[in-house]
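Only heavy atoms go into these numbers, but all of them, side chains included; no hydrogens, no water, no symmetry mates.
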Amino acid sequence: MGIRLLGPVELWRADGEAAAVGGAKRRAVLALLALELGRTVAVERLFELMWGDEPPIQAKAALQGHVAALRKVLAGSGFTLTTRAPGYRLDGDPGAVDALAAGALAARAAETADDATAAGLLQRALGLWRGAALADLPATPLCTDLAGRLDEGRTEALTAWARRQLRLGLGHAAVPVLEQSVRADGLREPTAALLMRCLHQSGRGADALRVYHRARARLDEELGVAPGPALQEALAELPATDRPGRGAPSRQAPDTPDTPDTSDNTAAVGPPVAVGDLPGPPRGFVGRSSEHHWLDRQCGPDRTGDGLAVVTGPAGVGKTATVLHWAHRVAAGFPDGVLFADLRGFDPAGPGDPAQALGRFLRALGLPEQAIPEDRAARAALFRDRTQGRRLLVVLDNARCAAEVADLLPSGPGCATVITSRNSLEDLVVTDGAALLQLAALPSADAHRLLERLLTAERVAAEPEPAGRLIGLCDRLPLALRIVAARLAARPGWRIADLVDELSDEGTRLAALGTQGGAVSVRAALTLTHHHLPDGARSLLALLTVHPGSTTDPYAAAALLDTDAEGARHALGPLTAHHLLAEQTPGRFGRHDLVRLYGSELFARFAPERQRAAFRRLVDYELVATGLAVRRINPYHEPFRPAGPGPRALPRLGDVRSTLAWCHAEEPVLRALVTAATDRGEYERAWRLARSASILYYGAGRVADRLDCLRVGLRAARLDGGREGLAAMEAATACALGSSGRVAEALPLAGRAVGRTTPDDGELHIHALSVRSSMAALSGDPAEADRIARAALALIRASGLREHAATVLSNAAAIKVVLGEPVAALEHARETRALLSDRPTANAHLWAMVSEALARQALGEPEAAERVWREALHLCGSSGNVRLHALARRHFADFLAGTGRTEEAGDQLRAAGELYTAHGDVRLAEDLDGRLAGPAGRRTPTGPTAIAPTPRARHGLRLA
């Protein structure tokens with residue numbers, strides 16, 4: 001069926017795959033156009049559908065966007081969406097719209113005299129329903145009205161079918177669905193009367209009488225009326241022994257349940273169900289004790305939960321084995337037995353039919369074949385009726401979606417149901433309150449025990465290190481471990497190390513994780529899951545191959561797919577739901593190595609140009625994103641903008657703290673992309689990304705990683721050969737080397753950067769001068785540093801490049817402190833702060849505060865200095881800039897020690913040491929540990945301080 005409206009709105013392509021129709025409003029547009037197939041729908045009516053009486057100002061543009069998106073997803077579906085005044089028109093086969101097809105079948109049935117033929121047509125119509133019509137559309141009045149009309153049509157078809165069944169002498173088949181309809185709306189007298197007749201025909205006259213009393217009571221209570229002709233006629237048809245005594249029925253209805261009481265009907269209860277319906281327990285099972293305890297609480301005989309649980313997880317993680325092992329352990333606690341169905345949700349031959357499973361369940365519950373209706377809905381209602389009052393355990397294995405299991409859930413409060421699926425089945429959590437257990441890979445100890453069970457403990461103990469590596473190469477997945485154990489068992493001459501060598505080759509690992517003939521393999525399990533993904537998720541699984549990080553976020557995913565954030569979420573959702581990705585932290589998704597290798601195989605099938613384009617989009621996204629991040633730290637930074645439209649989704653970086661948090665999470669990706677871009681010959685992209693990342697590293701930390709990234713970027717600039725790239729990367733690398741104490745290596749690079757540039761190069765030359773000035777100061781030549789800094793300032797003031805003044809001024813202030821010129825230092829610092837008054841957490845502003853505080857100390861203004869120190873510490877802490885925070889605490893400790901506040905000074909040094917350690921600067925952390933060995937470190941409250949003030953030459957200079 002192409003367009004499905006009788007349930008959640010869905011669009012299915014001819015190949016049997018669902019097409020993603022994003023957003024409730026977009027699905028609403030599709031639904032109305034489909035209901036009006038072949039007719040033009042006015043724009044105003046679509047507005048009413050989407051927004052009710054209050055469409056927004058941009059309603060027309062929004063509608064046009066939805067229509068444009070629908071045209072894309074409708075391509076190849078057999079439907080055509082065109083613009084026709086005064087609105088839009090959808091054309092296609094009416095038989096491919098379930099609501100229209102159901103209406104046509106009901107109309108044919110109404111014109112058919114033969115009851116059996118008409119009942120068959122109506123049963124086909126009812127079989128198209130999957131729940132409440134238009135179930136996932138906005139709750140606007142028009143949507144509600146359309147859904148109500150469709151649901152009314154369903155009720156009419158159901159009652160028409162029941163009348164035909166009654167005339168055929170098969171009224172018992174209609175009882176379950178009529179009971180369900182009456183429970184939903186007890187004021188429909190014709191339906192209640194029809195139920196009475198069907199119950200009477202089934203030999204259940206007492207139940208028919210209860211239906212009458214219940215309907216009469218509701219009519220009286222809710223409408224204040226007596227039963228009408230339909231109910232009165234149905235009552236008159238009951239035998240005299242079943243009807244109430246002479247006179248009008250009492251207005252006080254008996255206390256009857258909502259469904260006919262069948263507690264004394266032995267056919268409804270039937271014999272206990274045998275546990276033999278459950279497959280045998282898995283052999284060699286180990287671990288999962290905490291998961292079994294969880295199942296005990298949710299679904300065990302003495303449970304505290306609601307008795308409905310979903311066990312979900314990736315292919316090969318052992319969901320079925322875990323549930324079967326538990327079910328055999330607790331089966332004795334369910335006196336009415338255990339029902340099991342393999343729904344084959346991911347079977348290549350297609351999923352199992354829930355109607356067939358219902359038939360098996362009903363037979364197991366003691367119903368004869370002739371009493372089991374053909375219709376799935378009728379079977380479901382009968383199953384719910386027959387499970388009332390029982391204590392059953394139902395195990396539904398390998399479900400694909402919530403719709404497959406909805407009809408298989410028992411209704412008795414003593415029953416419990418456990419479902420396994422590769423999909424998360426979140427709909428069941430929302431609609432039925434199911435408890436969700438996500439099964440992860442085995443813990444290392446349990447994986448080791450499983451290997452011992454499968455290979456013998458002696459064989460594993462003989463090769464402990466290869467056994468550990470084998471477990472890691474299998475991602476600790478039980479399926480993979482069982483496969484490798486089977487391979488080793490079939491080759492007694494092999495060592496574990498031999499198989500480890502084979503699996504270590506990523507190109508052949510998936511092939512090696514399969515049995516001979518490939519009947520059971522990790523690749524096959526992943527392929528079955530892959531086939532059930534929508535197109536966007538399939539593409540993303542392959543495109544993630546070019547993403548070098550262990551985790552990714554929706555923005556990188558959007559870049560790979562060349563889509564927006566919503567499109568990325570639509571692709572990430574199914575991958576997460578099917579456990580091909582795992583959301584390890586909010587907004588960051590990781591994957592197992594075996595999934596990564598499978599994605600690589602898919603990616604290899606793409607054309608080379610598509611592979612290159614995906615990689616370039618990813619690097620360009622990171623270039624733009626890092627540029628935005630740098631602007632949070634250095635507001636005058638001008639980010640590089642790649643050619644073309646650029647990425648369609650970017651992270652929201654609200655402040656310096658969130659920016660640095662993003663940098664910390666994204667750093668491994670940036671560093672790896674610089675290397676990958678260099679290896680792929682994308683030299684300019686590589687060095688530009690390394691340069692941007694370097695500025696972020698300074699505040700976020702990881703000194704060694706910063707240098708590694710810059711060295712690769714410098715190599716890319718040399719391979720690129722451009723003067724701009726070489727100068728920029730030499731200056732950035734010199735800055736990082738000097739910052740980590742390797743000034744001798746930094747000086748020649750800084751000198752070459754200055755030599756490659758001229759004043760005509762503007763910002764590039766000024767930055768090179770600023771770095772060279774800082775290196776001169778760190779090398780012990782403050783006079784040369786001051787000379788170069790003054791030259792840089794003169795260029796800024798002469799050229800009008802004021803946007804770079806803050807960076808150079810903050811460096812100049814630091815150098816004046818080192819030179820012992822506090823008045824000049826204070827002047828430069830205050831000018832820097834004035835330039836950045838609206839960006840107090842910018843790097844240059846924080847550096848200027850450090851220089852101002854030191855200058856005020858030197859000028860003999862301790863109270864003013866302490867105020868600045870404390871303000872600087874607060875801003876550094878709130879911004880998350882680890883390095884600057886550590887430096888400010890270190891210098892504030894010197895200030896405190898100089899005023900005799902030894903204990904406070906020690907606290908500041910300890911805090912600074914922790915920050916340096918977090919930043920990755922072990923050298924400075926160890927230096928502070930040595931200083932803490934003095935009296936301040938031992939919290940000596942009195943006596944002379946042993947914390948020597950930091951030499952002026954070690955004042956933290958602005959190097960980035």
Side-chain angles (χ1 to χ4, degrees), residues 20-26 58 61-62 64-66 68-69 72-73 533-577 580-591 599 603 610-632 637 639-655 658-670 672-673 676-677 685 688-689 692-693 696:
V21 184
K25 288 184 173 59
R26 189 170 303 164
Q58 300 297 327
Q64 290 171 342
H66 288 305
K72 291 181 180 179
V73 298
L533 297 173
D535 286 345
R538 289 184 185 182
S539 296
L540 182 58
L541 183 62
L543 291 171
L544 282 171
T545 299
V546 301
H547 191 287
S550 59
T551 63
T552 190
D553 63 16
Y555 310 106
L560 288 169
L561 288 168
D562 195 17
T563 187
D564 56 15
E566 183 180 3
R569 284 192 292 272
H570 281 306
L572 287 165
L575 291 176
T576 306
L580 295 169
L581 295 180
E583 193 167 8
Q584 297 178 351
T585 58
R588 295 208 69 90
F589 301 83
R591 56 196 160 146
F603 184 71
R610 186 179 180 187
Q611 295 179 357
R612 284 193 295 272
F615 180 78
R616 287 170 178 165
R617 286 197 304 271
L618 179 62
V619 179
D620 288 349
Y621 155 71
E622 295 289 2
L623 272 167
V624 175
T626 54
L628 292 176
V630 169
R631 288 201 70 151
R632 285 292 177 190
H637 171 76
F640 171 71
R641 302 186 184 281
R648 295 161 63 183
L650 289 165
R652 296 177 180 176
L653 306 174
D655 53 23
S658 62
T659 298
L660 292 176
W662 178 84
C663 299
H664 183 78
E666 201 71 5
E667 183 276 330
V669 178
L670 299 175
L673 273 178
R685 284 181 166 89
R688 288 191 182 279
L689 185 57
S692 289
L696 301 177

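For Arg648 (side chain) and Asp562 (main-chain N/O), a donor-acceptor pair under 3.5 Å exists by modelled atom type. The main-chain N or O of Phe615 is never found under 3.5 Å from a side-chain atom of Gln611 such that the two would form a donor-acceptor pair. Arg538 places a side-chain N or O within donor-acceptor distance of the main-chain N or O of Leu533, the cut-off being under 3.5 Å. At least one donor-acceptor pair closer than 3.5 Å links the side chain of Thr545 to the backbone N or O of Ala542. The closest donor-acceptor contact from the side chain of Arg617 to the backbone of Leu560 lies under 3.5 Å.
The heavy-atom pair separating Thr563 from Gly567 by the smallest distance is OG1-CA, 3.6 Å. When all heavy atoms of Glu566 and Gly23 are compared, the closest pair comes out as OE2-N, 4.2 Å. In this structure, Val546 and Leu618 approach most closely via the heavy-atom pair O-CD2, 3.7 Å. In terms of heavy-atom proximity, Leu653 sits nearest to Ala625 at CD1-O, 4.3 Å. Ala537 and Ala571 make their closest contact through CB-O, 3.5 Å (heavy atoms, listed as atom of the first residue, atom of the second, distance). Shown here for Thr551 and Arg588, the closest heavy-atom pair between the two residues is OG1-NE, 3.0 Å.
Rounded to the nearest 0.5 Å, atoms CG (Leu673) and OH (Tyr621) are 10.5 Å apart. Taken from OG1 in Thr626 to CZ in Arg688, the straight-line distance is 11.5 Å, to the nearest 0.5 Å. Atom CZ in Arg685 sits 4.0 Å away from atom CG in Asp620 (nearest 0.5 Å). With rounding to the nearest 0.5 angstrom, the CG atom of Leu544 is 6.0 Å from the CG atom of Leu581.
Contact annotation: the side chain of Glu622 approaches that of Leu689 to within less than 4.5 Å [non-hydrogen atoms, C-beta and beyond]. A 4.5 Å side-chain heavy-atom check between Arg591 and Leu580 finds every atom pair outside the cut-off. Residues Asp553 and Trp662 have side chains in contact (heavy-atom distance under 4.5 Å, counting atoms from C-beta outward). Side-chain atoms of Leu541 and Phe603, non-hydrogen and from C-beta on, never get closer than 4.5 Å to each other. Within the 4.5 Å cutoff, the side chain of Thr576 has heavy atoms near those of the Phe589 side chain.
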